[in-house]
Amino acid sequence: MDTNYDVVVLGGGVGGYTAAIQAAKHHLKVALIEAQLLGGVCLNQGCIPTKTYLKSAEVLRTVQKSADFGIHNEQASFQFDEIHQRKEKVVTQLRQGVTYLMQKNKITVISGFGKLQDGRTIQVTTEKTTQTLHFKNLILATGAQPKTLPGIEIDGHKIVTSKELLEQTDLPKSMVIIGAGAIGLEWASLLNDLGVDVNVLEYADHILPTETVAAGRALLPILKRHGLKITTTAKVQSAKIVAEQVVVGYEDAQGKAQELTADQVLVAVGRQAQTEGMGLAEAGVQLTAKGTVQVDNHYQTSLPHIFAIGDCIDTLQLAHVAMAEGIHAIDFISGQSVEPIDYDQVPRCIYTYPELAVVGPTMIAQQKQDQVKTGTFPLQANGKALIEGEAEGQVQVTVDTTTDDLLQLMIIGPHATDMVMEGGLGLYLNASATEIGAAIHPHPTLSEAVRQATLMTKDLATDI
């Protein structure tokens, strides 16, 4: 077997396999190394399985509300083991699709754990074999793993991460979720819809601490109306198993000791880069103080023929970002002229009920505040939202009044994660508020709310 490759990709998640396919399309000889399952966390333990669960929760919710539409069904119930089976079926089908793409593009897939031997070779080890690959270029796509907190030990049964929770075929009656970021809130939303008594504890003074403050403030009251119990400014200090339950100790905003007891605890306090044990530092790849791989605008590391993408670097931990970074790195390797990714143009999606999506900077520069105007359009004034029976939420558009440029789009409501790309495309094309407002949107659609919110920044809205 020839062990010399133009590109070796370490990690078979969405960023890694996308980079491998892009390299193959550039007629490069490619090998991809994956220690576990193709598709990585997103496909097997993250984006896809959780959204499959969320769809089941949505269907149950729709059936439970059917009387609102004149449809009467007295037998709305669910079997969680069947929901779990459907999730497994979806994940398996997509993983088989990735395997097919590897074969179609003639990418050599090697199962095993990869460790750099030096700046030009990598050793792949399984339980039975060891082989060494030689590369001209290497893409590090090693991903990330769940974080925990001091004093809290993940036992995989009572105290879990989303990985263990996705493997369960039954549900607890009660759950404490530590962390009100995207992962914590999505689980809180779907578990609440499935009848679990959910308490969420967040260290910061608002939910979604890495998102815009306005987004968290707008979503919080809606989630609470749906029955979620959310406590912010909660400093979790311990989680102890007592008589088959978990007692979570935390300090509240006033500094007082508090406790919550539940059948299970989900720790969702973020993810940290997987960079240990791979020989990176020994080979000369520089890491940051946070343990991420240090890269430039083209994802080159301190060794210019070694690149890093996705969750192992200090950018947005999103699947679509990892894909874009992988494509960029391969195009750069292939000698193409590529522009650095503008992360302010990347949509950020939260799949709670209702959904929340934002594109644009999380913070608008203070010096711009005097020339910024925001238009907010409530979905209660949108015909399609009323037809859907989903009128909670709003669309908020922020523009620069000096240049008329779109700065930010935030949507809370049904299909927010689908609609947000209108703002993403607007930012990419440097669209003005006038252009978005002038574009004829179909009626009746939810997208009309984007147009109306844009027009409100110019005091020209017609539907409110």
Side-chain angles (χ1 to χ4, degrees), residues 5-59 81-114 124 126 139-145 162-163 165-167 169 182-183 186 190 271 274 309-312 316-331 334 346-347 349 351 355 415 417-418 421:
Y5 293 92
D6 296 316
V7 175
V8 169
V9 181
L10 181 57
V14 291
Y17 75 67
T18 300
I21 293 170
Q22 187 75 356
K25 291 185 182 300
H26 282 298
H27 308 291
L28 300 174
K29 185 180 178 183
V30 189
L32 183 147
I33 302 167
E34 173 54 53
Q36 299 182 43
L37 296 172
L38 280 177
V41 170
C42 177
L43 175 51
N44 298 288
Q45 301 160 1
C47 316
I48 299 300
T50 54
K51 277 55 177 181
T52 307
Y53 277 176
L54 281 157
K55 181 61 181 181
S56 292
E58 177 191 340
V59 172
D81 60 335
E82 295 178 12
I83 292 174
H84 181 269
Q85 289 169 19
R86 179 176 184 270
K87 179 265 293 184
E88 289 292 298
K89 182 179 179 180
V90 170
V91 169
T92 299
Q93 182 174 337
L94 288 172
R95 190 165 58 240
Q96 289 171 344
V98 175
T99 300
Y100 167 73
L101 289 173
M102 298 297 100
Q103 296 168 347
K104 177 184 176 183
N105 288 281
K106 298 180 173 57
I107 295 164
T108 301
V109 177
I110 303 172
S111 298
F113 183 83
V124 186
T126 67
I139 304 288
L140 299 171
T142 55
Q145 59 191 354
S162 56
K163 177 183 177 181
L165 198 51
L166 281 165
E167 295 170 355
T169 56
I183 295 173
E186 286 178 10
L190 77 88
R271 299 179 63 80
Q274 292 191 124
I309 63 168
D311 291 359
C312 69
L316 294 171
Q317 290 187 337
L318 299 170
H320 45 288
V321 167
M323 293 179 189
E325 291 170 346
I327 291 170
H328 180 112
I330 293 298
D331 287 348
S334 301
V346 175
C349 301
Y351 295 81
E355 293 183 347
H415 304 291
T417 59
D418 298 305
M421 198 53 211

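The analysis underlying the following values was restricted to heavy atoms, covering all of them including side chains, and did not include hydrogens, waters or symmetry mates. This structure is a prediction, so every number in the text was calculated from the model and none was measured.
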- Is there a donor-acceptor contact under 3.5 Å from the side chain of D311 to the main chain of G143? no
- Task: List in chain and number order the residues that pass side-chain hydrogen bond (donor to acceptor under 3.5 Å, both in side chains) with N105, two or more places apart in sequence or in another chain; answer none if no residue qualifies.
- Result: none
- Q36 atom CD, neighbour heavy-atom count above 12 within 6.0 Å: no
- Query: At what distance, to the nearest 0.5 angstrom, does NZ of K25 lie from CG of D331?
  - Reply: 12.0 Å
- List for me each residue that meets side chain to side chain contact (heavy atoms under 4.5 Å, CB included) alongside A319, sequence neighbours excluded, and say none if there are none. V14, C42, C47
- Message: Under the rule for side-chain hydrogen bond (donor to acceptor under 3.5 Å, both in side chains), what residues qualify as partners of T417, not counting sequence neighbours?
- Response: E355
- Task: Drop me the distance from L10's CG to E34's CD, to the nearest 0.5 angstrom.
- Result: 8.5 Å
- Item | Non-neighbouring partners of L94 that pass side chain to side chain contact (heavy atoms under 4.5 Å, CB included), sequence neighbours left out | L43, I48, V90
- Message: If the condition is side chain to side chain contact (heavy atoms under 4.5 Å, CB included), which residues does H320 pass it with, not counting sequence neighbours?
- Response: L318, V346
- Value for OG1 (T92) from CD (Q85), rounded to nearest 0.5 Å, stands at 11.5 Å
Side-chain polar contacts of residues 321-330 - donor-acceptor pairs under 3.5 angstrom, sequence neighbours left out - could you list them?
| unit_1 | atom_1 | unit_2 | atom_2 | d |
| --- | --- | --- | --- | --- |
| E325 | OE1 | G310 | N | 2.7 |
| E325 | OE2 | T315 | OG1 | 2.8 |
| E325 | OE2 | Y343 | OH | 2.6 |
| H328 | ND1 | E339 | O | 3.4 |
| H328 | NE2 | H298 | ND1 | 2.8 |

- A20 versus L32, closest heavy-atom pair with distance: CB-CD1, 3.9 Å
- Query: S111 and V124: which non-hydrogen atoms are nearest, and at how many Å?
  - Reply: O-CG1, 4.2 Å
- Query: For the residue pair V9 and A141, what are the closest heavy atoms and their distance?
  - Reply: CG1-CB, 4.5 Å
- Note on the structure: Rounding to 0.5 Å, atoms OH (Y53) and NZ (K87) come to a distance of 4.5 Å
- Task: Hey, could you give me the CD1/CZ distance between I83 and R86, rounded to the nearest 0.5 Å?
- Result: 9.5 Å
- Residues in side-chain hydrogen bond (donor to acceptor under 3.5 Å, both in side chains) contact with T126, at least two apart in sequence or another chain: T129
- Would you give the length of the straight line joining atom OG1 of T169 to atom CD of E167, rounded to the nearest 0.5 angstrom? 10.5 Å
- Message: Once salt bridge (Lys or Arg N to Asp or Glu O under 4.0 Å) is applied, what residue pairs with a partner in residues 8-17 remain, sequence neighbours excluded?
- Response: none
- Query: Got a sec, which residues hit salt bridge (charged side-chain N to carboxylate O under 4.0 Å, His left out) with E82, two or more places apart in sequence or on another chain?
  - Reply: none
- Task: Kindly write out the residues that satisfy side-chain hydrogen bond (donor to acceptor under 3.5 Å, both in side chains) with K163, not counting sequence neighbours, or none if the list is empty.
- Result: none
- Task: Name all residues meeting the salt bridge (charged side-chain N to carboxylate O under 4.0 Å, His left out) criterion together with K55; count only those two or more places apart in sequence or in a different chain, and write none if there are none.
- Result: E58
- Which atom pair, heavy atoms only, marks the closest approach of G46 to L166? N-CD1, 4.1 Å
- Message: Show every side-chain hydrogen bond (donor to acceptor under 3.5 Å, both in side chains) that has at least one partner inside residues 37-52, sequence neighbours left out.
- Response: N44-R95, K51-E186
- Message: Quick check: closest heavy atoms across A144 and V41, and the distance to 0.1 Å?
- Response: O-CG2, 4.2 Å
- Task: Please assess T108 against M102 for the test side-chain contact (heavy atoms from CB on, under 4.5 Å), listing each intermediate value before the final yes or no.
- Result: CA-CA 7 Å; T108 301; M102 298 297 100; over 6 Å; no
- Are any of the side-chain heavy atoms of Q103 and T99 separated by less than 4.5 Å? yes
- Using atom types as modelled and distance alone, determine if a side-chain donor or acceptor of T142 lies under 3.5 Å from a backbone N or O of Q274. yes
- Task: For residues H26 and V7, determine if any side-chain heavy atom of one lies less than 4.5 Å from a side-chain heavy atom of the other.
- Result: no
- Task: Provide the closest heavy-atom pair for G114 versus I33 in the form atom of the first, atom of the second, distance.
- Result: N-CG2, 4.1 Å
